[in-house]
Amino acid sequence: MTKKQSAPAAINTIYDHQAIEKKWQTVWEDQELFQHSLKQYQQVEAAKKLYLLFAFAYPSGAGLHVGHVESKTALDILARYYRMQGQQVFFPVGWDAFGLPAENYAIKTGVPPAKTTKKAIDTFRRQIKRLAISYDWQTELATCHPGYYQWTQWLFLELYKKGLAYQAKAPVNWCPSCQTVLANEQVVEGACERCDSEVSQKEMKQWFFKITDYQDELLSGLDQVDWPEPTKQQQRHWIGKKQGIEISYSVVDTQEEIVCFTTRPDTNFGATFVVLAPEHQLVSQIIKGQVNLPESVKATAVIQQLRAYVKQAQKKTELERQTEGRKKSGVFTGLYALNPLTNKKMPIWVSDFVLAGFGTGAVVGVPGHDQRDFEFVEFVNRSHPQQQIEVIRVVVGSDGDDSPITQIEQVQEDHGTMINSEFLNGLDIHQAIPKIMDYMEEHGLGKRVTIYKLRDWLISRQRYWGTPIPIVYDPDGKPHPVKKEHLPWLLPTDVDFKPTGESPLRSSKEFIQRTEKLYGKGWRPEFDTMDTFVDSSWYYLRYTDPRNQQEFANPQRLKSWLPVDFYMIGPEHIVLHLLYSRFFTKFLRDQGYLDFDEPFLKMRHQGMILGPDGKKMSKSKGNVINPDKVVAEFGADTLRVYEMFMGPLDADKPWDASSVRGVYRFLRRVYELVIGHLNRADQTSKPLSNGQVVQQLHQTIKKVTDDVPKLKFNTAIAAMMEFVNTWEAQVKDGSPALDLTAVQNFVQLLAPFAPFLAEELWHQIKAAKTAKSVHLTDWPSYDATLAQQNQVTIGVQVNGKLRGELTIDLEEKDHQKQVIAQAKDLSSVQKWLKDRQLVKEIYVPGKIVSLVVK
RNA sequence: GCCGCGGUGGCGGAACUGGUAGACGCGUAGGUCUCAAAAACCUAUGAGGUUUAUCCUCAUGUGAGUUCGAUUCUCACCCGCGGCACCA
């Protein structure tokens, strides 16, 4: 390009993204462009407030990942778009800063987690600012800061006061490598989620949160929120509400009774045995000799066998259970339960396929209609021929097979008609279920119950880098809450990180001295810390008032901003984080601190960005894309627009380096077009012409305006590209250019996506030092009539196949007869109509003409 | 096994409520510029056919169905991904 002599100031005709982005990052930071939401809380109008939340990141030493860039950019586009639409946007930022990686690093190197975490946060902060994510940095918080975890501890104590934080001895998943207890959800295929070591079982006294108090509301509340349906399904499944019946069976020749839970009492005429979990109370009572066994039972032998089996079952690791799969084992107790329906004696076995934690830990066996029961009977009949268990068919399925059940393929569980079941015969199983339940309740044999799969939340962790549990024990070992004036109950720093199998906090002299000084001699602190999910399940409340030292957040501020209007979160947090956050919200509401039921009104997930090879990015595969490098080469705007252009936000998409260049080309063309426009002499204030570009501009404004709220950023960008193509072609053609307003509108459209470039162009256009930021301007509106095409091209089909097309003026759109006549006149259509009989004519206005011939 | 999501050119992906499949971008080929390369720009680009055209045939995982018309709706199946998993 040649330099224009007439240009008043030197306008750089080359898109220098480095200079532009550096300049505006500094200017914005100096102006504190988006740093006012905390002060504004009193002016927030309910109808206009918009709380946009990004699931805060764990600041890992590796720095920002391109996946972070995707979701942060998406949310930032929403923030900028809605601000330009006049909404009051709350867009906070913080760090999920407690956690294992920093601690593991400390074990390896001795560098304290506080130090590495601070460094990692600094890196993240620098990278995020470089990407122009328009967070309100005054909200910034970190869960490892005493000013934050003081209130995590406060929350614990509130739960403790209400009896919702309690201690219990429980078998827990123990990772021998991390030397800590793991929550069920941190055990993946029998191995530790973090280090992959085999997980074993261990009995320990632990702290729990009683989330089960809210199970019904956690379920029903899902109907109020706008979340992806699959996510809701997963939560429902996790809570696992089931209707069934608890049936009591008396144990023959003893005083004992066994209660079994079942959802399928309809098959009870086919029940032929009972199985207890190894942890069942009756089993331990027998072992301890607390049960008067009938004389027929060889007590010593049975007790010995049971003891051995129970011991072996307890020792089994999750992994062993997995690899054994469905292979059955078990021990006969010598006892029998009476089936009240058939008066048959059912042998009572102990087997580890029955889970102690579900239902009553005892199951009534119907081998004909439950695969597990059938497998168990196969095991018994094979290994204990003298203890044969009968298989009775009580349901006939749709295949009509009513022969004796001898193969597992014949065992069917969920449909059919009752047989061999007296008063249930002939009924469909779905009718039989309520009928037998009524019968059992009337005869005192059982009681309808609802059970849940959801367990209370085990929050104790034998780790260092977490929030200390604010509990102290008196010399008798009785727990007491840490007094309010002693919060924050500081995490000690004089600890040995090396794992010993005990909580690292035990090694802190200061911690013990502090406790004794404040509470008395012989007093000890709780040495465990909290699961980091506790920290991360209430942070969205603290954001509104992150420096408050008197309360976890000011009620007025909470009222102004909450609940969260839009939550962007990775699919990996679907179950736990969301469930826990909802639990805290409901608890705090019940304590009068909050006035809403659900914390996250609308939620969406971002997909994963894969390596160029289509596989998940990982260091070992060497397919990791570093966002810093992309920014250095092409600029943050290109990185942002590229990631938004890759495809639908919630899909997994592979990285493509050449497509990045394609986006860069697009932004450069925009820059050159706008600058070229300004450099041309005739640019001033021509009236808006009715040319094709102007029409397309209005269509583009409409498209972008519609697509952004739907998160369809890829198609919004495609529309802007199309507009630029047309505009450029017109300029090359020498056709009349756009007027300045149109150019401005386009720059505004681009602003949420490429904030640096848009700002630069905006100021070039305005050419005044005092011009305000493009990001503070009003979103452009479009003229609906102008956006409309004045002509439409419609297809003409003969027998369903496209044979021609027809362009008509929009006003003629509804003149059915004329349009069909014109369609028939087309020569390309004529030859298909010739010598054939026209049987049907269809016209869908503005869409298609369809002719049917014979 | 159960629950959920998905399958469209060489690639990422478009397609409103059933109405012209392949927008936009990448890649590729040819060209322009250049001593040359890169970059940039221009043209073409689903596959196949022939009479090279305002042409025809095929084509949205497979097979059927509904319809004037199906990527879109229904049924059956195949494949891939994610989650749960001996939950009674």
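Dashed line: the shortest gap from a side-chain N or O of A:K801 to OP1 or OP2 of B:C58 is under 4.0 Å. OP1 or OP2 of B:C42 sits under 4.0 Å from a side-chain N or O of A:K732. Between A:K840 and the phosphate of B:C68, there is a side-chain N or O to OP1/OP2 separation shorter than 4.0 Å. Taking side-chain N and O atoms only, A:R803 has a distance below 4.0 Å to OP1 or OP2 of B:U57. Between A:R236 and B:C3 there is no side-chain N or O to OP1 or OP2 distance below 4.0 Å. Phosphate contact (OP1/OP2 of B:A14, side-chain N/O of A:N714, threshold under 4.0 Å): present. Contact check, A:R661 against B:C26: no side-chain N or O comes under 4.0 Å of OP1 or OP2. Look at A:K712 and you'll find a side-chain N or O under 4.0 angstrom from OP1 or OP2 of B:A15.
To the nearest angstrom, P of B:G6 lies 9 Å from CG of A:D650. Taking atom CD1 of A:I609 as the reference point, atom C1' of B:G12 lies 12 Å away to the nearest angstrom. Rounded to whole Å, the distance from OH on A:Y843 to P on B:G18 is 20 Å. Taking atom CG of A:L610 as the reference point, atom C1' of B:G12 lies 11 Å away to the nearest angstrom. Rounded to an integer number of Å, the gap from A:F666 CZ to B:A39 C1' is 20 Å. To the nearest angstrom, P of B:G82 lies 19 Å from CD1 of A:I569. A:M646 places its CE atom 13 Å from the P atom of B:A14, with the value rounded to the nearest Å. Atom-to-atom, CZ of A:R665 to C1' of B:A39 comes out at 9 Å; the value is rounded to the nearest Å.
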Query raised in the report: How does RNA chain B look in dot-bracket form if you count Watson-Crick and G-U pairs under 3.5 Å, write [ ] for pairs that cross, and put | where a base pairs with another strand?
Result: (((((((..(((......[....)))((((((.......))))))(((((..).))))..(((((..]....))))))))))))....

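At the heavy-atom level, A:E805 lies under 4.0 Å from base atoms of the strands shown. Within 4.0 Å of A:V852, counting heavy atoms only, lie sugar-phosphate atoms of the nucleic acid but no base atom. Note on A:N725: only backbone sugar-phosphate atoms sit closer than 4.0 angstrom, heavy atoms only; bases stay farther off. A:T231 comes within 4.0 angstrom of nothing in the nucleic acid, heavy atoms only. Counting non-hydrogen atoms under 4.0 angstrom, A:D370 reaches nothing in the nucleic acid. A:G240 comes within 4.0 angstrom of nothing in the nucleic acid, heavy atoms only. Within 4.0 Å of A:P571, counting heavy atoms only, lies no atom of the nucleic acid at all.
The same atom, C1', is picked in B:U60 and in B:A47; the two are 14 Å apart, to the nearest Å. When the P atom is compared between B:G18 and B:U71, the two are found 13 Å apart, to the nearest whole Å. Nucleotides B:G6 and B:U74, compared at atom P, are 13 Å apart to the nearest Å. As rounded to the nearest Å, B:G10 and B:C42 have C1' atoms that lie 23 Å from one another. Separation of the P atoms belonging to B:U20 and B:A36 is 48 Å when rounded to the nearest angstrom. B:G9 and B:G63 have their P atoms separated by 15 Å, with the value rounded to a whole Å. Taking atom C1' on both nucleotides, B:G19 is separated from B:C26 by 30 Å, rounded to a whole Å. Rounded to a whole angstrom, the distance from the C1' atom of B:G31 to that of B:A64 is 50 Å.
Ranked by how close their nearest RNA chain B nucleotide is to the 5' end, A:A651 and A:L806 are led by A:A651. Comparing A:P230 and A:R668 along RNA chain B, the residue whose closest nucleotide (by nearest heavy atom) sits nearer the 5' end is A:P230.
Crowding of A:K616 atom NZ: a count of heavy atoms from other residues, nucleotides or ligands under 6.0 Å not exceeding 12. In the displayed structure, A:Q281 atom CD is contacted under 6.0 Å by at most 12 heavy atoms of other residues, nucleotides or ligands.
Counting distance only, with no hydrogens placed and no angle test, the side-chain atoms of A:Q797 and the base atoms of B:G19 include a donor-acceptor pair under 3.5 Å. In the interface, the side chain of A:S659 is not paired with the base of B:C26 through any donor and acceptor atom under 3.5 Å apart.
The A:P648 side chain lies nearest to B:A14 when the options are B:G27, B:A14, B:A23. Closest approach to the A:K328 side chain among B:C86, B:U20, B:G12 is made by B:C86 (side chain taken as heavy atoms from C-beta onward). For A:K453, whose side chain is taken as the heavy atoms from C-beta onward, the closest listed nucleotide among B:G25, B:G13, B:C84 is B:C84. The A:W238 side chain lies nearest to B:C84 when the options are B:G19, B:G25, B:C84.
A salt bridge is defined here as a Lys NZ or Arg NE, NH1 or NH2 lying under 4.0 Å from an Asp or Glu carboxylate O, and A:D706 with A:K710 fails to meet this definition. A salt bridge links A:E841 with A:K824: the distance from a Lys NZ or Arg NE/NH1/NH2 to an Asp or Glu carboxylate oxygen falls below 4.0 Å.
Taking the six-membered ring where the residue is Trp, A:F376 and A:F353 present tilted rings, their angle falling between 30° and 60°.
Glycosidic torsion of B:G9 falls within 90° of 0, placing the base in syn.
Distance check, rounded to the nearest 0.5 Å: OG1 of A:T360 to CD1 of A:I258 gives 9.0 Å. The OH atom of A:Y249 sits 3.5 Å away from atom CG of A:N268, with the distance rounded to the nearest 0.5 Å.
No side-chain donor from either of A:T638 and A:H17 sits under 3.5 Å from a side-chain acceptor of the other. At a cut-off of 3.5 Å, with distance as the only test, no side-chain donor of A:D656 or A:Y642 sits close to an acceptor on the other residue.
Looking only at distances, a side-chain donor or acceptor of A:N623 sits under 3.5 Å from a matching main-chain atom of A:S618. With hydrogens and angles disregarded, a donor-acceptor distance shorter than 3.5 Å links the side chain of A:D637 to the backbone of A:L757.
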